[in-house]
Amino acid sequence: MTDSTAQCDVLVVGGGNAALCAAITARRAGASVLILETATKDFRGGNSRHTRDIRYMHRAATEFVTHAYGEEEFWHDLLGVTGGATDERLARLTIRESETLADWMAGNGVRWQKTLRGTLHLARSNLFMLGGGKAMINAYYHIAVQSGVEIRYETEVQELEIGGSEFVSALAARNGECERIRSKAIVLAAGGFEANIPWLKEYWGEAAENFIIRGTPNNQGRMLKELLRHGVKPVGDPRGCHAVALDARAPKFDGGIVTRLDSVPFGIVVNREGKRFYDEGEDFWPKRYAIWGKLIAEQPQQIAYSIIDSKALPHFMPSVFPPVEAASIPELATALAIEPRALGAVVDEFNRSVNGGGRFNPGALDDCRTRALEPPKSHWARPIEAPPFYGYPLRAGITFTYLGVTVDERAQVIMGDERPAKNIFAAGEMMAGNILGKGYLAGFGLTIGSVFGRIAGREAARCAGF
Ligand SMILES: Cc1cc2nc3c(=O)[nH]c(=O)nc-3n(C[C@H](O)[C@H](O)[C@H](O)COP(=O)(O)OP(=O)(O)OC[C@H]3O[C@@H](n4cnc5c(N)ncnc54)[C@H](O)[C@@H]3O)c2cc1C
């Protein structure tokens with residue numbers, strides 16, 4: 001092991017959005033900054049490189065957003081999804097500070113594009129990055145390097161030495177070599193623990209083996225575990241995670257956005273026994289897509305199947321994999337390895353319950369619904385009868401976990417005795433649970449990471465004497 005002293009003023013652990021916002025800000029304040037990122041240079045950027053859009057407060061429409069989106073509406077939306085599981089002080093701080101993000105991001109090389117059509121109805125509240133999160137991350141790395149931030153890839157921080165509530169040093173591994181690194185302050189921006197299957201199994205049991213992780217395999221939660229081991233106060237439900245319906249053929253890690261499936265509201269979903277288990281048309285898909293991961297996780301062997309007919313195809317964005325196609329329902333069942341008689345019976349029963357009903361309108365909560373069917377389908381219910389028939393296998397796709405560390409308005413980590421740690425700051429998914437205790441608002445992960453990344457960078461630099 002090598003021991004280097006006073007390696008830098010501010011050490012940043014992680015290489016995603018929150019880490020880069022912190023590093024750039026701390027460097028601009030005058031501090032020397034070192035970023036340690038587990039990933040290789042090609043795969044740098046954590047889950048942030050899979051993103052597309054960011055939610056922000058703004059007072060008027062622009063070329064890229066259709067209407068104003070003020071503090072109260074933003075706050076109301078947040079209350080709606082969290083059901084009050086949020087720290088209002090930190091939430092309002094995030095919302096207010098988000099107003100400066102469009103300019104800050106553009107000033108650091110991010111370009112915008114017009115809102116994508118056919119996506120999650122975000123035209124008024126969210127800005128879309130041209131080239132997505134990958135382009136944003138590349139722009140930030142470019143700025144960081146230009147301004148003198150040192151970056152070490154393929155370097156995983158394994159342990160933190162913390163005395164009382166003061167960070168002393170970090171033990172980092174690279175190519176089998178360990179190095180102890182000291183700094184005056186540390187910013188932890190190392191994401192959640194969603195890629196750590198054994199840890200997920202502590203809350204989900206064996207079912208977690210069948211989860212697919214949408215983002216980086218590097219978010220193992222090692223830094224989270226270290227902070228909790230040192231007595232930092234946790235926040236958020238350990239079992240809580242954002243999970244969507246994903247194409248079951250997606251890779252185990254890092255499949256990104258293109259493996260999500262949005263076909264659910266336009267057909268039925270059955271488990272491997274051929275049984276329906278939830279109202280596929282309960283509400284607009286943007287309000288429901290994030291509950292389907294959990295619903296699938298609760299099914300036998302954590303698998304389900306979205307079944308549609310040819311008239312449903314134009315109404316949703318397909319996944320990157322083509323659907324399984326068949327001329328009849330029994331053939332489709334065989335191709336998907338569902339019991340053919342069970343699938344035939346459930347489709348017949350469903351079709352009988354919707355015959356004669358309503359005027360189909362995918363843009364509204366229409367009156368196409370089932371009658372006397374359990375569970376019901378409340379909207380967009382049309383008979384599945386127009387061949388060819390299609391099926392997509394579905395798995396629970398984990399986006400991120402909610403467990404994190406408690407912070408204050410300065411992004412300073414709070415110890416179990418309620419006092420702030422002296423020189424330890426956290427940003428991004430590691431502390432998002434303070435603000436987003438439950439549910440999700442599209443584009444808000446980046447908002448929290450950007451706002452608290454900048455605050456953590458500023459405060460860590462200040463703590464280091466700048
Ligand atoms: C497919 C997908 C699409 C998404 N789309 C959006 C979207 O459009 N808008 C939005 O707001 N949010 C979106 N999210 C959520 C968003 O990605 C996160 O909220 C946000 O990127 C978190 O940023 P972060 O910096 O905290 O973590 P990350 O970007 O995940 O970065 C964590 C970093 O820490 C590194 N790391 C972990 N452990 C260590 C260690 N021990 N030592 C060194 N480095 C370590 C990892 O390599 C990684 O680089 C999406 C997520 C996914 C998976």
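Each residue takes its place number in the sequence, starting with 1. Numbering of ligands and ligand atoms starts at 1, following listing order.
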**Q** Quick one: table the atom pairs, ligand 1 N or O against protein N or O, below 3.5 Å, distance rounded to 0.1 Å.
**A**
{"from": "ligand 1", "atom 1": "8 (O)", "to": "Arg52", "atom 2": "N", "distance (Å)": "2.9"}
{"from": "ligand 1", "atom 1": "8 (O)", "to": "Asp53", "atom 2": "N", "distance (Å)": "3.2"}
{"from": "ligand 1", "atom 1": "8 (O)", "to": "Asp53", "atom 2": "OD1", "distance (Å)": "3.2"}
{"from": "ligand 1", "atom 1": "9 (N)", "to": "Asp53", "atom 2": "O", "distance (Å)": "2.7"}
{"from": "ligand 1", "atom 1": "11 (O)", "to": "Gly443", "atom 2": "O", "distance (Å)": "3.2"}
{"from": "ligand 1", "atom 1": "11 (O)", "to": "Gly445", "atom 2": "N", "distance (Å)": "3.4"}
{"from": "ligand 1", "atom 1": "11 (O)", "to": "Leu446", "atom 2": "N", "distance (Å)": "2.8"}
{"from": "ligand 1", "atom 1": "12 (N)", "to": "Tyr440", "atom 2": "OH", "distance (Å)": "3.2"}
{"from": "ligand 1", "atom 1": "17 (O)", "to": "Asn47", "atom 2": "O", "distance (Å)": "3.2"}
{"from": "ligand 1", "atom 1": "19 (O)", "to": "Glu429", "atom 2": "OE1", "distance (Å)": "2.5"}
{"from": "ligand 1", "atom 1": "21 (O)", "to": "Ser48", "atom 2": "N", "distance (Å)": "3.3"}
{"from": "ligand 1", "atom 1": "21 (O)", "to": "Ser48", "atom 2": "OG", "distance (Å)": "2.8"}
{"from": "ligand 1", "atom 1": "23 (O)", "to": "Ser48", "atom 2": "OG", "distance (Å)": "3.2"}
{"from": "ligand 1", "atom 1": "25 (O)", "to": "Asn17", "atom 2": "N", "distance (Å)": "3.4"}
{"from": "ligand 1", "atom 1": "25 (O)", "to": "Ala18", "atom 2": "N", "distance (Å)": "3.0"}
{"from": "ligand 1", "atom 1": "26 (O)", "to": "Glu429", "atom 2": "N", "distance (Å)": "2.8"}
{"from": "ligand 1", "atom 1": "29 (O)", "to": "Asn47", "atom 2": "N", "distance (Å)": "3.3"}
{"from": "ligand 1", "atom 1": "29 (O)", "to": "Ser48", "atom 2": "N", "distance (Å)": "3.0"}
{"from": "ligand 1", "atom 1": "29 (O)", "to": "Ser48", "atom 2": "OG", "distance (Å)": "2.4"}
{"from": "ligand 1", "atom 1": "30 (O)", "to": "Asn47", "atom 2": "N", "distance (Å)": "2.9"}
{"from": "ligand 1", "atom 1": "30 (O)", "to": "Asn219", "atom 2": "ND2", "distance (Å)": "2.9"}
{"from": "ligand 1", "atom 1": "41 (N)", "to": "Val157", "atom 2": "O", "distance (Å)": "2.9"}
{"from": "ligand 1", "atom 1": "42 (N)", "to": "Thr38", "atom 2": "OG1", "distance (Å)": "3.4"}
{"from": "ligand 1", "atom 1": "42 (N)", "to": "Val157", "atom 2": "N", "distance (Å)": "3.0"}
{"from": "ligand 1", "atom 1": "44 (N)", "to": "Thr38", "atom 2": "N", "distance (Å)": "3.3"}
{"from": "ligand 1", "atom 1": "44 (N)", "to": "Thr38", "atom 2": "OG1", "distance (Å)": "3.0"}
{"from": "ligand 1", "atom 1": "47 (O)", "to": "Glu37", "atom 2": "OE1", "distance (Å)": "2.5"}
{"from": "ligand 1", "atom 1": "49 (O)", "to": "Gly15", "atom 2": "N", "distance (Å)": "3.3"}
{"from": "ligand 1", "atom 1": "49 (O)", "to": "Glu37", "atom 2": "OE1", "distance (Å)": "2.9"}
{"from": "ligand 1", "atom 1": "49 (O)", "to": "Glu37", "atom 2": "OE2", "distance (Å)": "2.8"}
{"from": "ligand 1", "atom 1": "49 (O)", "to": "Gly46", "atom 2": "N", "distance (Å)": "3.3"}

**Q** Relative to the ring of Tyr289, is the ring of His242 parallel (under 30°), tilted (30 to 60°) or perpendicular (over 60°)?
**A** perpendicular
**Q** Counting only heavy atoms not in Phe43 (residues, nucleotides, ligands), do more than 12 fall under 6.0 Å from its CZ?
**A** no
**Q** Please check if atom CZ in Arg272 has more than 12 non-hydrogen atoms from other residues, nucleotides or ligands closer than 6.0 Å.
**A** no
**Q** Is the gap between the ring centers of Tyr69 and Tyr56 under 6.0 Å?
**A** no
**Q** Ring-plane angle category for Trp204 and Phe211, please: parallel below 30°, perpendicular beyond 60°, tilted otherwise.
**A** perpendicular
**Q** Could you go through residues 441-452 and list every donor-acceptor pair under 3.5 Å that involves a side-chain atom there, pairing it with any protein atom two or more places apart or in another chain?
**A**
{"from": "Thr447", "atom 1": "OG1", "to": "Arg55", "atom 2": "O", "distance (Å)": "2.7"}
{"from": "Thr447", "atom 1": "OG1", "to": "Gly443", "atom 2": "O", "distance (Å)": "2.9"}
{"from": "Ser450", "atom 1": "OG", "to": "Asn17", "atom 2": "ND2", "distance (Å)": "3.2"}
{"from": "Ser450", "atom 1": "OG", "to": "Leu446", "atom 2": "O", "distance (Å)": "2.6"}

